[in-house]
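Here's the structure, in structure tokens; my notes come after.
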Amino acid sequence: MPELPEVESLVRGIRTDLIGRSFSKIEFYRKDLRETIPQKRLRQILLGEIIHEVVRRGKYFLIGTNQGFLGVHLGMSGRFVKSDSTQPQVAHTHACFEINSDTQFRYIDPRRFGRLFSVEKNEKNDHPFLAGLGVEPLDKTIDLAKYLFQKSRTRKQPIKNFLMDSSVVVGIGNIYASEALWLSKIHPEQPANTISRNDFSRVADAAREVLNQAIAAGGTTFRDYRDKDGNPGYFQKNLSVYGKVTKPCSRCGGEVLRLTLAGRSTFFCSFCQKLKINN
DNA sequence: ATTTTCTCCTGCATGC
DNA sequence: TGCATGCAGGAGAAAA
């Protein structure tokens with residue numbers, strides 16, 4: 001899916017279109033995505049109600065009125081696109097949220113790994129999809145390095161899997177996990193509980209750096225991601241290891257390799273990201 | 001308790 | 001060209 005930078009880019013884009021407006025018509029073209037869509041409740045929450053909030057939480061985003069929230073997850077291939085009402089619908093359009101007779105937002109998701117759900121007014125931190133989420137990596141009120149170090153003491157799984165665990169820290173998916181570890185010169189298979197406090201400082205700084213840079217570039221488009229206007233992001237031009245198998249590392253010239261961790265492609269430089277036996 | 005595996009689904013690249 | 005295979009940025013549930 002889109003990871004944190006892509007969802008953040010999208011949310012920033014749609015926020016100005018939605019705040020202070022309301023949906024006048026909502027259409028669903030199928031009854032379920034990953035779960036049954038609560039169509040009736042979503043209409044109650046949204047129709048004719050002023051939108052006062054559009055926020056991201058991890059890779060989810062919420063559109064809020066005084067009645068509650070529409071929760072959205074884009075899965076792997078989801079898009080939330082602002083369209084002119086006269087534009088023909090593309091394949092896999094599953095829902096349409098109309099603001100007025102010529103502007104609507106369409107939810108499109110070929111793989112249907114995404115979700116549309118309702119969140120009650122006071123359920124923002126208690127909804128099952130949101131309650132278990134870890135910290136926001138860009139939250140400046142959190143000492144991310146300290147937090148990750150403490151959380152990792154009982155975790156011997158590879159650091160890359162640890163960084164992608166959304167109950168620990170949200171928003172870091174397969175691309176940015178590899179990129180952040182490259183930037184901090186740590187091997188993706190390094191057991192999380194063998195990483196020093198000092199090294200976690202580098203990991204935390206690197207993760208924030210990569211995420212911020214990616215947001216600034218409008219996200220990464222490998223294949224599916226588009227912003228609300230259907231445009232791709234540009235951060236893929238700045239990727240250092242993701243998808244760069246056998247290419248030379250831009251930092252040291254070493255060979256970039258691919259391995260599989262938890263079933264996911266993982267990329268790293270075989271020369272400047274060495275496994276440490278003692279740490 | 002932690003960690004890996006499985007699963008949902010379509011589209012696309014690759015190789016025979 | 002057609003067909004089979006594998007892979008794709010997620011994440012929850014189940015199994016180990």
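Here the structure is a predicted model, which is why all the values come from computation and not from measurement. Letters A, B, ... mirror the listed sequences (proteins, then strands); counts begin at 1.
Listed in residue order, the members of residues 169-180 of chain A having a heavy atom less than 4.0 Å from DNA chain B come to none.
A close approach under 4.0 Å does occur between a side-chain nitrogen or oxygen of A/H73 and OP1 or OP2 of C/dA11. The side chain of A/R34 contributes no N or O atom lying less than 4.0 Å from OP1 or OP2 of C/dG12. Note on A/K59: a side-chain N or O is less than 4.0 Å away from OP1 or OP2 of C/dA11. Proximity of A/N161 to the phosphate of B/dT3: no side-chain N or O atom is located under 4.0 Å from OP1 or OP2. At least one side-chain nitrogen or oxygen of A/T154 sits closer than 4.0 Å to the OP1 or OP2 atom of B/dT2.
Of the candidate nucleotides C/dC7, B/dT3, B/dT10, B/dT10 has the atom nearest to the side chain of A/H92. Checking C/dG10, B/dC9, C/dG12 against every side-chain atom of A/R111, the shortest atom distance belongs to B/dC9. The side chain of A/R155 sits closest to B/dT3 out of C/dG10, C/dG12, B/dT3. When distances run from any side-chain atom of A/Q157 to the nucleotides B/dT3, B/dG11, C/dG12, the shortest one goes to B/dT3. For A/F113, the listed nucleotide lying nearest its side chain is B/dC8; candidates were B/dT10, B/dT5, B/dC8.
In this structure, A/F80 and A/F61 have perpendicular ring planes: the angle between them is above 60°, well past the 30° mark.
Each of A/K121, A/K124, A/R15 was checked for a salt bridge (Lys or Arg N to Asp or Glu O under 4.0 Å) with A/E53, and the lone residue meeting it is A/K124. Partner A/K82 forms a side-chain contact (heavy atoms from CB on, under 4.5 Å) with one of A/D227, A/D17, A/L18, A/I99 and no other, that one being A/D17.
One atom, CG of A/D32, and another, C1' of C/dG12, lie 16 Å apart when rounded to the nearest Å. Atom pair A/D224:CG and C/dG10:P shows a separation of 11 Å (rounding to whole Å applied). Rounding to whole angstrom units, CE of residue A/M164 and P of B/dT3 are separated by 15 Å. Atom CG in A/D165 sits roughly 13 Å away from atom C1' in B/dA1 (whole-Å rounding). As rounded to whole Å, 11 Å separates atom C1' of B/dA1 from atom NZ of A/K156. Look at CZ on A/R153: it is 20 Å from P on B/dA1, rounded to the nearest Å. Protein atom CZ of A/F117 is 10 Å distant from nucleotide atom P of C/dG12, rounded to whole Å. Spacing between atom NZ of A/K160 and atom C1' of C/dA11 amounts to 14 Å, rounded to whole angstrom units.
For A/S118 (side chain) and A/L42 (main-chain N/O), no donor-acceptor pair under 3.5 Å exists by modelled atom type. Between the side chain of A/T65 and the backbone N or O of A/I45, at least one donor-acceptor pair lies under 3.5 Å. Side-chain N or O atoms of A/S85 include one that pairs as donor or acceptor with a backbone N or O of A/S101 at under 3.5 Å.
The heavy-atom pair separating A/E179 from A/V241 by the smallest distance is OE2-N, 2.9 Å. Counting all heavy atoms, side chain and backbone alike, A/H94 lies closest to A/L33 at CD2-CD2, 3.5 Å. Taking every heavy atom of both residues into account, A/R12 and A/I215 meet most closely at NH1-CG2, 3.4 Å.
Listed by first residue number, the stems of DNA chain C with at least three Watson-Crick or G-U pairs below 3.5 Å are B:2-8 with C:10-16, B:10-16 with C:2-8.
The number of heavy-atom neighbours closer than 6.0 Å to CZ of A/F129, taken from other residues, nucleotides and ligands shown, is above 12.
Across all strands, A/P158 comes closer than 4.0 Å only to sugar-phosphate atoms, never to a base (heavy-atom distances).
Comparing the P positions of B/dT5 and C/dC7 gives an interatomic distance of 14 Å, to the nearest angstrom.
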